[in-house]
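See below for the structure under consideration.
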Amino acid sequence: MSELKNDRFLKALKRQPVDRTPVWMMRQAGRYLPEYRATRGQAGDFMSLCKNTELACEVTLQPLERYELDAAILFSDILTIPDAMGLGLYFEEGEGPKFRKPVRTEADIEQLQVINTASDLPYVTDAVTMIRRELQGRVPLIGFSGSPWTLATYMIEGQSSRDFARAKTMLYTQPELMHQLLEKLSLSVIDYLNAQIKAGAQVVQIFDTWGGALSHAAYQEFSLAYMTKIVAGLIKHADGRDVPVILFTKGGGHWLEAMADSGCDALGLDWTVDIGMAKARVGDRVALQGNMDPAVLRAAPETIEREVKSILTSFGSGAGHIFNLGHGITPDIDPEHAKVFIEAVNNFSAK
C-alpha cells in the first residue's frame, strides 16, 4: 500500500497536533455533484452503482478532484447488511430504501444468519481495495457501517419511518426478541467492518442515524451497548497503524459522556450540540468531529464562512477536531457552496 501523504485526519483522530483542522463531508460523494449524477446514470440505479467496483471507486474519488479534503469515504450504503441477510432491498425514486421482506416476527429473526462479508458482500471489500489502491496515499480511506439499532429500524419498519412505531413496539413489548436481532446485527457489523479494515480501510465510522429517537435508558440498552460491543470486536491495528473508530449518533447530544466511554476514538456531533460545550464534557478522552448544519450550505458564502469561524472558535485551541457537517450534505446544495465551506475550514483553521 502507498505511503500516506496526508495524515492530518488520522493525527486529529488521535488528538495529535496538526497544521490545520482536517475536513471531510458526510455524503461527500453524492447527488449534489453533477459528475456523480452522470456516473449514477451510467450505472442505472443506486444499488447497481454500489455493486460496480469501478464506478463505486470513481464516485468515491470525485469529491477529491474538486475539493481539498482530508479523507475519502467508501461509497456504499448502510443497508448492505440487511440486504445480504436476504430482505430484498430496493429503492423507490424519491422515497428512499424499502425491503420486500421486513422482519416482524420471532420466526423472521430466527431465520436471519449473521453475515459473512467475504461471501455475502464481496463487492464492498472489492471497492475498498480498489479505492485504496487508486488513492495512492493521497488521503486516508474511511469504511463504515450502520449501527445495529439503526439497521433494525429499517428492517422492522420495512422502510424509512418518522416514529419507528413497529420497532419501538417490539423494543417495549418483546425486548428479548429485539436483543436477539441486535445481537445478530452486531456480530454482522463486526465481521463487516473488520473485512473493510483488512481490505484497506484506515478508519471506520458507525452511523447510528436513529439512536436519537430513543429514550435515555433505551438508548443505552438497545443502541450504545451494541456499539460498545462492536468497538471491542474491531481490529485495532493494520498496515502498521492504529485503526481509529468514530461513533456518530444523530441526536446523541445527551449521551456524549457515555459514548466517550465506549472505547471509540472520536464522536461525530450533529448540529444541535455546541462543540465547545461537547469538548468541555468529554475532555481529552476522544476527538470530536463536526458539526455545521448542512442547511447552512444553502446560504450566502459569507454566512457559510461566518458559521465555520464560529464553530472553530467554539472548539478553541488544542488538538482533536475534525471539521464536518452535522449530517450528510443534501442533493440540493450548490457544489460551489461546498467549496466555500471547505476553503473556509482550511483557511481559518490554519490561522
Side-chain angles (χ1 to χ4, degrees), residues 9 12-13 21-32 63 67 69-71 73 78 142 144-147 149-150 160 162 203-214 219 223-224 227 245-260 264-282 286-301 303-316 320-335 337-346 348-349:
F9 174 54
L13 284 169
T21 304
V23 58
W24 67 280
M25 293 185 292
M26 289 188 270
R27 280 200 220 119
Q28 62 190 26
R31 287 175 290 170
Y32 75 105
Y67 308 124
L69 295 158
D70 295 296
I73 182 164
I78 63 168
I142 305 165
F144 71 91
S145 170
S147 71
W149 164 253
T150 292
S160 304
R162 281 203 180 142
V203 177
V204 291
Q205 175 157 318
I206 301 169
F207 283 87
D208 186 31
T209 314
W210 302 123
L214 290 167
Y219 174 76
S223 184
L224 185 57
M227 292 195 288
V245 185
I246 305 166
L247 279 197
F248 173 65
T249 294
K250 185 164 177 263
H254 315 291
W255 304 296
L256 299 181
E257 295 86 350
M259 289 166 76
C264 69
D265 298 277
L267 297 181
L269 305 175
D270 71 12
W271 62 88
T272 62
V273 183
D274 178 87
I275 199 165
M277 290 180 186
K279 184 181 173 187
R281 285 168 57 188
V282 301
V286 289
L288 294 173
Q289 177 175 279
N291 63 336
M292 192 174 91
D293 185 344
V296 174
L297 295 173
R298 298 190 189 111
T303 305
I304 298 169
E305 289 172 348
R306 192 166 62 240
E307 194 67 18
V308 166
K309 269 187 182 164
S310 158
I311 291 166
L312 288 168
T313 304
S314 179
F315 184 86
H321 183 202
I322 298 102
F323 215 115
N324 205 319
L325 303 172
H327 200 231
I329 186 169
T330 51
D332 59 311
I333 298 304
D334 179 345
H337 284 214
K339 187 177 185 185
V340 169
F341 160 65
I342 292 154
E343 287 182 351
V345 176
N346 292 343
F348 298 144
S349 68

If every non-hydrogen atom of [X] is compared with every non-hydrogen atom of [Y], which pair is closest and at what distance?
X: Ser223; Y: Leu214; answer: CB-CD1, 4.1 Å
X: Pro22; Y: Asp70; answer: CA-OD2, 3.1 Å
X: Gly268; Y: Ile246; answer: N-CG2, 4.0 Å
X: Met25; Y: Asn324; answer: CA-OD1, 3.3 Å
X: Arg281; Y: Gly253; answer: NH2-O, 2.8 Å
X: Arg27; Y: Ile329; answer: O-CG2, 3.0 Å

To the nearest 0.5 Å, what is the distance between [atom1] on [X] and [atom2] on [Y]?
X: Tyr32; Y: Ile333; atom1: OH; atom2: CD1; result: 10.0 Å
X: Ile275; Y: Ser314; atom1: CD1; atom2: OG; result: 7.0 Å
X: Leu325; Y: Gln289; atom1: CG; atom2: CD; result: 10.0 Å
X: Ser349; Y: His321; atom1: OG; atom2: NE2; result: 9.0 Å

Are [X] and [Y] side-chain neighbours, meaning at least one heavy-atom pair lies under 4.5 Å?
X: Val282; Y: Leu267; answer: yes
X: Leu297; Y: Met292; answer: yes
X: Ile206; Y: Phe144; answer: no
X: Val296; Y: Phe341; answer: no
X: Leu69; Y: Pro63; answer: yes
X: Ser145; Y: Ile78; answer: no
X: Leu256; Y: Leu269; answer: yes

Worked check of side-chain contact (heavy atoms from CB on, under 4.5 Å) between Glu307 and Trp271: CA-CA 11 Å; Glu307 194 67 18; Trp271 62 88; over 6 Å; no
In chain order, what residues pass the salt bridge (charged side-chain N to carboxylate O under 4.0 Å, His left out) check against Arg31, with sequence neighbours excluded?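 Here no residue qualifies.
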Arg298: partners by salt bridge (charged side-chain N to carboxylate O under 4.0 Å, His left out), with sequence neighbours left out: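 With sequence neighbours excluded, Arg298 shows a salt bridge (charged side-chain N to carboxylate O under 4.0 Å, His left out) to Asp332, given in chain and number order.
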Would you check if the side chain of [X] reaches a backbone N or O of [Y] as a donor-acceptor pair within less than 3.5 Å?
X: Thr303; Y: Ala299; answer: no
X: Trp149; Y: Trp210; answer: yes
X: Asp270; Y: Gly251; answer: yes
X: Asn291; Y: Thr272; answer: no
X: His337; Y: Ile304; answer: no

Report the relative orientation of the aromatic rings in Trp24 and Phe9; use parallel for angles under 30°, tilted for 30 to 60°, perpendicular for over 60°.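 The arrangement is perpendicular - the two ring planes meet at more than 60°.
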Please work out which of the three classes, parallel, tilted or perpendicular, describes the rings of Phe207 and Phe248, given edges at 30° and 60°.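 Ring orientation of Phe248 relative to Phe207: perpendicular.
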Dump the intermediate steps for side chain to side chain donor-acceptor pair (under 3.5 Å) on Ser147 and Thr150, then the final yes or no. CA-CA 5 Å; Ser147 71; Thr150 292; 3.1 Å; yes
Applying side chain to side chain contact (heavy atoms under 4.5 Å, CB included), can you list everything that pairs with Ala287, at least two apart in sequence or on another chain?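 Partners of Ala287 by the side chain to side chain contact (heavy atoms under 4.5 Å, CB included) criterion, ordered by chain and then number, come out as Arg15, Ala266, Ile322.
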Could you go through Leu247 and Asp265, starting from their C-alpha distance and side-chain angles, then the distance that decides it, and tell me whether this counts as side-chain contact (heavy atoms from CB on, under 4.5 Å)? CA-CA 8 Å; Leu247 279 197; Asp265 298 277; over 6 Å; no
Can you pull the salt bridge (Lys or Arg N to Asp or Glu O under 4.0 Å) pairs that have at least one residue in residues 204-213, sequence neighbours excluded?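 Residue pairs passing salt bridge (Lys or Arg N to Asp or Glu O under 4.0 Å), neighbours aside: none found.
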Taking side-chain hydrogen bond (donor to acceptor under 3.5 Å, both in side chains) as the definition, give me every residue that meets it alongside Tyr219, ordered by chain and number, with sequence neighbours left out.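 Counting only residues at least two positions away or on another chain, Tyr219 forms a side-chain hydrogen bond (donor to acceptor under 3.5 Å, both in side chains) with Thr249.
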Restricting to side-chain hydrogen bond (donor to acceptor under 3.5 Å, both in side chains), what partner residues turn up for Asp334, sequence neighbours left out?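 Not a single residue meets the side-chain hydrogen bond (donor to acceptor under 3.5 Å, both in side chains) criterion with Asp334.
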Taking the six-membered ring where the residue is Trp, are the ring centres of Phe323 and Phe315 under 6.0 Å apart?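 No, they do not, as the ring centres are separated by 6.0 Å or more.
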